[in-house]
Structures are given as structure tokens and as C-alpha cells.
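Counting begins at 1 with the first residue of the sequence.
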Amino acid sequence: MKKKLLSVVCAVTMSMSLTACSMGEFLSAMTGITNKWVDSDLIGTVPADGEFDVKNDFAAAVNQSWKNEVGETYKGTFQDVVDAVIENKKRIVTDDSIEGETAKCLRTYYGLASNWDDRAKDGVEPLRPYLEDIKSISSVNELYDYMADPVRNPLFLGPITTNSDYIMHSEKYKENYMVFFTAPDLIMSEYGDNSIYFNMDGASSFEKFEKTSDKAGFILGKMGYSDEEAEKLFNGCVAWEKKLVGSENLLAVEKIDDITYTHEKAVKLAGKFPMEKILEGWGLSDAPYIAINPDYAKKLASLCKQSNLEDIKSFLIVNYCFKASQYLDRDIYDKMKEIDKPKLKEEDNYDQTPEQLEDALMFEQYIAKTPMVGAMNQVYVENCFDDSTIDELTTITENLLAGFEDIFASEDWLSEEGKKACIEKLKAINIHIAIQDFDTVDYGKLDIKSHEEGGSFLEAYLASRRFEMEHIGWLSKENYDRDYWDPMNQNLSTTITNAMYSSQTNGIYIFAGILEAPIYSKDMTYEEKLGGLFTVVGHEITHGFDKNGSQYDKEGYNNPFLSDDDLKEFNDKNTFVANYYTSQTPFTGSGMVLGPNVCAEATADMGGIKATLHLAEKEKDFNYDLYFRRFATIWRTNVSVDTEKKLISSDSHPLAFYRVNIGLQQFDEFYDTYGIKEGDGMYLAPERRIKVW
């Protein structure tokens with residue numbers, strides 16, 4: 001049947017191109033599934049005098065009043081919570097009454113970041129000594145001395161680099177952490193795609209090269225270089241980066257175990273490249289295990305030979321200028337951002353106000369994406385998180401996990417071995433709620449000077465990078481602990497408005513940044529808590545058993561735990577989900593929903609709903625109406641058409657109104673609560689329902 005449908009699809013492709021029919025509309029016609037709802041995410045699509053019934057369009061009906069209250073202002077529950085968290089952050093970085101060395105350090109750093117007048121007075125001068133130092137290098141041995149010295153090279157640039165996100169664990173050496181070394185970020189690389197260095201075909205590649213060249217010319221000009229000198233430095237930088245790309249072969253490595261070595265073996269692999277000197281200078285002389293691509297390690301010495309020295313210096317100068325430009329004055333920051341704006345498509349600001357964009361600069365870019373994230377996390381939890389909720393949050397999460405055990409045990413499509421493997425992994429999941437291991441990072445040791453004391457924002461940032469490397473050195477010597485929650489891990493920051501499942505630790509994380517109404521408050525009813533926060537937590541637990549999560553075992557190692565037969569059944573179910581979403585057309589001219597792109601997140605949504613409904617079954621007189629309405633509330637959204645189109649084309653999550661309507665129409669409890677029958681807009685025949693778990 002699937003092959004027959006595919007043949008029909010191929011046969012009509014040409015005729016479709018001659019009509020206004022989209023693939024989504026075609027699949028709707030083929031499957032009998034039609035679009036019955038307005039895109040209630042859009043501004044103006046749910047007027048106050050419109051008639052919306054929970055039986056026909058649940059998302060629109062529940063959120064109608066709210067949509068008209070906010071009008072054309074961009075809003076959404078998650079944005080509301082983000083804004084509330086930002087307000088908390090603003091308070092703690094300016095409140096002198098908050099005691100402690102960490103709070104003081106954070107306030108000083110924020111004061112330097114937010115005082116644009118002082119940054120304007122400093123101009124480019126904080127960067128100048130670093131560039132002069134690089135220019136003075138006259139030999140490869142002097143280059144090695146420079147690379148190994150955190151005072152001179154606080155960005156830890158060279159042919160190898162690392163940071164706190166690259167502290168990992170390996171099944172090969174289970175007892176310790178290991179430090180992963182990789183090639184540095186490159187000035188023209190786009191999300192790890194280095195193809196531009198070898199192929200300039202296409203408008204987007206040329207645009208990237210042109211923008212990077214313009215940025216180099218601008219920032220180098222601000223540092224006093226002539227146009228000719230700037231062009232020479234840029235060309236030299238690109239030349240050496242091309243050699244780095246040509247030598248890097250990390251994509252061939254499937255498992256981190258394959259490139260993890262003892263300290264001594266890693267040093268030996270590097271040959272004449274002074275790996276030991278670099279490790280010692282970076283505080284990693286006692287790191288027992290190192291991960292590095294062996295072919296790349298063997299080429300380090302040839303990459304740093306005397307004939308490449310001037311290009312290497314160009315690489316260092318240009319990269320220091322690029323990275324430091326964010327931490328200098330406002331004119332430089334704005335100009336670099338202006339040059340970097342896409343010329344072939346609109347910039348993705350997702351309807352954020354100027355104030356929200358400025359807040360994002362201060363609290364996301366300057367803090368959350370830097371080593372200062374740990375200081376913010378600690379001060380936030382100590383002053384903005386109600387730890388009296390921990391017992392309740394823990395208990396409900398434990399009950400959710402127990403509910404998943406029942407769900408896995410009852411899945412007909414799973415083999416007995418598959419059920420057992422899922423349950424074993426489930427029972428090994430660690431629960432982390434808000435509070436990280438703050439006692440392992442002492443920000444009192446981070447010496448940041450205020451502007452009055454002679455400090456600058458750039459120097460404060462560079463000092464935080466040195467501090468981060470000290471933390472890496474400490475952690476590399478510790479026994480591996482799967483339950484450890486590193487405050488400096490930017491990917492697991494507790495001030496993010498989210499919850500998260502980590503395959504590498506087999507852990508569920510509920511961040512302090514999501515514990516705000518209307519997603520969660522301790523005063524909510526149990527039904528509202530389940531329909532709000534805990535559908536999100538259940539969503540994240542489900543990710544432990546999705547296409548990616550199924551590749552990692554209960555200890556967090558890259559070992560698939562389902563049999564080939566179970567995976568085939570699982571993939572067939574995911575294909576069913578993807579096809580259903582592809583059949584949807586949000587609004588006229590919206591473009592096609594890419595079902596495979598949203599499949600994993602849609603599956604997780606339905607897993608979260610199923611797990612929380614499983615808990616609801618155990619409660620006498622459970623108010624399902626409150627539960628379902630809270631679920632619709634947390635996904636309420638109000639965006640422009642342009643933003644919605646961007647989300648359709650690029651977001652891995654379903655559109656918000658689909659998360660509500662498609663998510664809920666899979667469950668009998670929803671039909672029973674509202675008396676939904678065939679012919680109602682929310683009705684979906686049982687044989688067409690798509691939930692995986």
C-alpha cells in the first residue's frame with residue numbers, strides 16, 4: 001500500500017507543479033485528512049466575535065479571550081515566562097543587598113557589560129595589547145610559548161582548542177572525564193559546515209565570504225591597519241584555516257570512544273607538536289584521558305611549521321578581533337552585526353521588541369553563552385527559586401517515570417526484550433531539579449575589576465575564559481559522576497526556560513527558569529500542574545526513547561538498546577507521524593509543513609500527554625477540563641505571518657496550535673471530556689491516530 005501511494009505521488013508531481021496545489025493539500029486529498037482549524041498562532045485570526053468551539057478547534061476556543069487581550073503585541077506563554085525570568089535576572093545583577101562573592105562578581109561583570117559609555121571610552125584599546133603580542137612572535141617555538149600561556153592567549157586559540165562543553169565521558173575509560181580537543185571555530189564556518197573553504201559556488205557562499213571579508217576590513221581598520229594590511233591579514237587567515245579544514249576528519253568518527261586515548265598516548269600521537277607543553281600551560285597536565293582525532297593530531301606539527309608562521313599570526317589576529325568585537329564599544333558591535341545581516345533573507349528576530357533584543361544581548365550572549373553562566377545560575381537559584389517545591393516536583397517526576405514503565409510494558413509493537421530494555425533505561429534516569437552542584441565552582445576566585453579599578457568588559461570576559469579552563473582542569477581529574485550537574489555547562493543552564501533530557505547522562509533536568517506561572521506555580525491545582533509543566537517533563541523523558549535517545553543506553557553510552565525489529569516498528573510509526581504532519585496546511589500561502597522535521601518533537605509531545613494522562617487515571621474525580629485547558633494555555637502564541645512562515649520552514653517543533661490540536665486529538669480522554677464525535681473538527685478516527693507510545 002505504501003509503495004502504491006508513493007507511485008501515485010511520483011506520477012502526479014508534474015501536474016501539481018502546474019497548479020496551486022501544495023504537497024500538503026495533495027496528501028490531504030489522498031488520505032482524507034483535511035485542515036479544519038484556523039492557524040490560531042497568527043495575530044488577528046481569532047477575533048473576539050468569532051465562534052470557536054472546543055469540539056471543533058480547541059486551541060482557538062481556549063485561547064480566544066487571551067488572543068484579543070494581547071492584540072497585536074507579540075506574546076506567548078513561553079515568552080511571558082522568559083520575560084519574567086529576565087526581570088528576575090535584572091534584579092539580581094543590580095541589587096547590592098544580595099551578599100556573597102558570586103553575586104558581587106556577577107554584578108561587576110554585568111556593570112561592565114551594560115555601561116556602554118565606559119565601553120565607548122575604552123574603545124579598542126583593551127584589545128590592542130593582545131594583538132601587539134601576537135605580532136611580536138618571530139618563531140614557531142615562540143608561537144608554542146604563546147599558545148600555551150592563558151595570560152597571553154585567553155581564548156586558547158591554535159590548531160586545537162577546547163572548552164567546558166567538551167568535557168565528556170567515554171565507555172572506554174569509564175572512571176574519569178576526558179577532555180575533547182578539536183579544531184577551533186573558523187571565521188567562515190556555518191554551524192560546522194566548512195565546505196565554503198573549497199567551494200564558492202552559489203550566492204549564499206559568496207555572500208558569506210563577502211560579509212566575512214567586510215567584517216575583517218572594518219574591525220582591522222578600527223585597530224589601525226590600512227586596507228592593504230587588513231586584506232593581507234584576512235587572506236593569510238583564510239589560507240591557514242583552509243589548511244586546518246583540509247586536515248580535519250572528525251566527521252568520520254562515529255563514537256567518542258574511537259578517538260579517546262590516555263594522556264601519554266595523545267602526547268605521543270602529536271609527535272613534534274608540544275602537546276605536553278600546551279596541556280601543562282592550560283592546567284591539564286594531570287588530565288588522564290584526551291580525545292582527539294588521531295590523523296589530525298599527527299598533522300599538528302606540520303600545520304605549525306615555520307613557513308606557515310605569518311598565516312598563523314594572521315589567523316590569531318583576525319580571530320581575536322572577531323571574537324573581541326562583541327565586547328568592545330557599541331559602534332563596533334552594531335557595525336559588525338549590521339554587516340552580518342543576511343542579504344538574501346530576512347534576519348530571524350521572531351517579533352522580539354527592541355527591549356527583548358537588548359535583554360537577549362545582555363543575558364544570553366554576554367552571560368548564558370559565556371563562563372559567567374554558572375555565576376548567574378547560582379545567584380538566580382539562591383534568590384529566585386522556591387526550594388520548598390523540590391519535594392513535589394521530585395515526587396511527580398518519579399510518578400511520571402513509573403507511568404512510563406506501565407506504558408512500555410503495555411506496548412504491543414515492542415518485543416519482550418525491547419520492553420525490558422526500555423524499562424531498564426527508564427529506571428536508571430537521574431532526576432535533576434533546579435539546583436546545580438554550585439560548590440564545585442568558586443567565582444570568588446575570579447578576579448574581575450570594575451571600570452573604576454581599571455577594568456574593561458573585554459578583560460572581564462577574557463578573565464572568565466581563563467577561569468573556565470581552570471575549571472576544566474579540575475574536572476578532568478575527578479572521578480566521573482553521571483549525576484553531576486556542572487554549573488558552567490552552557491547547554492544545561494538552569495536559568496533556561498525549559499526542561500531537558502540528556503542522552504549522555506540519561507538524566508531529566510527541570511530548570512529553575514521554567515518554574516513560573518502559567519507553566520508552573522505551587523498554588524496551581526494538580527490538574528493544572530500535570531497539563532502545564534509535567535506535559536513538558538514527560539515530553540523530555542520521551543526523548544530518551546526517540547530516534548536519537550534510542551541510540552544511547554542507560555549509562556549514557558552510544559549503544560543502541562533496541563533490536564532491529566523493534567527499530568523497524570518504531571520507524572514505521574514515526575513515518576506515520578511525519579506523513580500526518582505533512583498533510584497539514586496551516587494557512588493559505590504558508591508553505592508545506594515538513595513532517596519528517598517535526599516528527600521527533602511531535603512524538604515527544606504526545607508522549608508527554610500520554611504519561612500525564614496515565615497519572616490522571618489514578619486520581620479520583622480528576623478534572624480533565626482543567627488539565628486540557630492548561631495544556632492549551634502553555635502553548636498559546638501570537639505571532640506575525642512572517643514569523644510563522646519561518647517557524648514552518650526551520651523549527652523542529654510543530655506549530656503551537658498543532659501541538660495543542662493534533663496532540664490532544666490522539667487521546668480518548670479528550671473525546672470523552674468534551675463529547676467529541678465524528679464530524680466535529682477535533683475528531684480523528686481511531687485508525688488514523690498517530691501517537692507512537
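Contact between D329 and R119 at its shortest, heavy atoms only, is CB-O, 3.5 Å.
Using modelled atom types and a 3.5 Å distance limit, the side chains of S456 and E459 yield no donor-acceptor pair. For the 3.5 Å distance criterion, the side chains of D486 and N489 fail to qualify, holding no donor opposite an acceptor.
For NZ of K477, the number of neighbouring non-hydrogen atoms (other residues, nucleotides, ligands) closer than 6.0 Å is greater than 12. In K172, the NZ atom is crowded: over 12 heavy atoms of neighbouring residues, nucleotides or ligands sit closer than 6.0 Å.
One finds a salt bridge joining E207 and K211 here, because a Lys/Arg side-chain nitrogen approaches an Asp/Glu carboxylate oxygen to under 4.0 Å. Salt bridge D359/K89: absent, no basic N to carboxylate O contact under 4.0 Å. Using a cut-off of 4.0 Å between Lys/Arg side-chain N and Asp/Glu carboxylate O, E358 and R330 are scored as salt-bridged.
When each of F457, Y366, F363, Y461 is paired with Y110, the ring-ring contact (aromatic ring centres under 6.0 Å, His included) condition holds for F363 and for no other.
With sequence neighbours excluded, no residue forms a side-chain hydrogen bond (donor to acceptor under 3.5 Å, both in side chains) with D437. Taking the ring pair (Phe, Tyr, Trp, His ring centres under 6.0 Å) definition, one finds that Y509 meets it with H432, W485, sequence neighbours left out.
Considering CD of E171 and CD1 of I256, their distance stands at 13.0 Å, rounded to 0.5 Å. With rounding to the nearest 0.5 Å, the separation of OG in S325 from CG in D340 is 9.5 Å.
Considering only heavy atoms from C-beta on, K268 stays 4.5 Å or farther from M275 through its side chain. Using a 4.5 Å heavy-atom threshold, the side chains of Y109 and L446 count as separate. At a threshold of 4.5 Å between non-hydrogen side-chain atoms, the residues T440 and L475 do not count as touching.
Ring orientation note: the planes of Y443 and F467 are tilted relative to one another, at an angle of 30° to 60°.
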Step by step, would you call S226 with E229 a side chain to side chain donor-acceptor pair (under 3.5 Å)?
CA-CA 5 Å; S226 67; E229 290 171 328; 3.3 Å; yes
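Aromatic rings from Y130 and Y146 are positioned such that their centres are separated by 6.0 Å or more.
Residue pairs meeting the side chain to side chain donor-acceptor pair (under 3.5 Å) criterion with at least one partner in residues 279-288, sequence neighbours excluded, do not occur; the list is empty.
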